[in-house]
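These numbers come from a predicted model, not from an experiment.
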Amino acid sequence: MTDRDTLLLALLDTDWRPRGIVPLQPDWRGTFGRILSMDGQWLALIQQRAAGTSCLPRPDDIMLTRLLARRLRPLDMHLADHVIQAGPARFSFRAEGLL
């Protein structure tokens, strides 16, 4: 993950359709406060990179995914996917069997 990447959390309904989007902030408490107020159980992490860069995950992307999944468990929430988009290219952790 680079400083130029945009990180968003999409709150999903039971059919995994987006219900709301929350920017992922360095202050986890503020981010999770907003998510909890939206009352859902499934989230997707959406990472947007500049076009022309690789959509393949880097080691810190994998660490972020694991950290987020661990932080969601005590809240009875689950990570549905981590999608990295770079222009038209995209990588899905779930589709690649990493979630």
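- Interatomic distance, OG of S92 versus NE2 of H82, reported as 9.5 Å (0.5 Å rounding).
- Note on I21 and L9: separate hydrophobic clusters, where clusters join Ile, Leu, Val, Met, Phe, Trp and Tyr whose side-chain heavy atoms are under 4.5 Å apart, directly or indirectly.
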| message | Applying side-chain contact (heavy atoms from CB on, under 4.5 Å) to R71 and L79, what does each step give before you reach the verdict? | response | CA-CA 10 Å; R71 289 193 178 200; L79 189 60; over 6 Å; no
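- For the residue pair D76 and Q41, a side-chain donor N or O sits within less than 3.5 Å of a side-chain acceptor on the partner.
- Under a 3.5 Å cut-off, the side chain of R17 and the backbone N or O of L12 do not form any donor-acceptor pair.
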| task | Given side-chain contact (heavy atoms from CB on, under 4.5 Å), test I84 with F93 step by step and report yes or no. | result | CA-CA 8 Å; I84 302 173; F93 278 63; 3.8 Å; yes
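- A chain of hydrophobic side-chain contacts below 4.5 Å, direct or via other Ile, Leu, Val, Met, Phe, Trp or Tyr residues, connects L98 to L64.
- Judged purely by atom type and a 3.5 angstrom limit, R90 has no side-chain atom pairing as donor or acceptor with the backbone of C55.
- W42 and H78 have tilted rings, their planes meeting at an angle from 30° to 60° on a 0 to 90° scale.
- In this structure T53 satisfies the side chain to side chain donor-acceptor pair (under 3.5 Å) test with no other residue, sequence neighbours excluded.
- For the pair T65 and R70, the minimum side-chain heavy-atom distance is 4.5 Å or more.
- With hydrogens and angles ignored, the 3.5 Å screen pairs a side-chain donor or acceptor of D81 with a backbone N or O of R94.
- A salt bridge is absent between D61 and R66; no separation between the charged side-chain nitrogens and carboxylate oxygens falls under 4.0 Å.
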| request: Evaluate the criterion side-chain contact (heavy atoms from CB on, under 4.5 Å) for residue pair Q85 and Q47; output intermediate values, then yes/no. | output: CA-CA 6 Å; Q85 299 175 336; Q47 183 175 352; over 6 Å; no
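- Note on L24 and L75: same hydrophobic cluster, where clusters join Ile, Leu, Val, Met, Phe, Trp and Tyr whose side-chain heavy atoms are under 4.5 Å apart, directly or indirectly.
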| request: Go through L7 and L45 one step at a time and tell me if the side-chain contact (heavy atoms from CB on, under 4.5 Å) criterion holds. | output: CA-CA 7 Å; L7 295 170; L45 177 59; 4.3 Å; yes
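- Connection of V22 to L67 is established within a shared hydrophobic cluster, with ILVMFWY side chains joined at heavy-atom distances below 4.5 Å, either directly or through further cluster members.
- Taken together through direct or relayed side-chain contacts under 4.5 Å among Ile, Leu, Val, Met, Phe, Trp and Tyr, V83 and L8 form parts of separate hydrophobic clusters.
- Between R19 and D13 there is no salt bridge, since no side-chain N of the basic residue sits under 4.0 Å from a carboxylate O of the acidic one.
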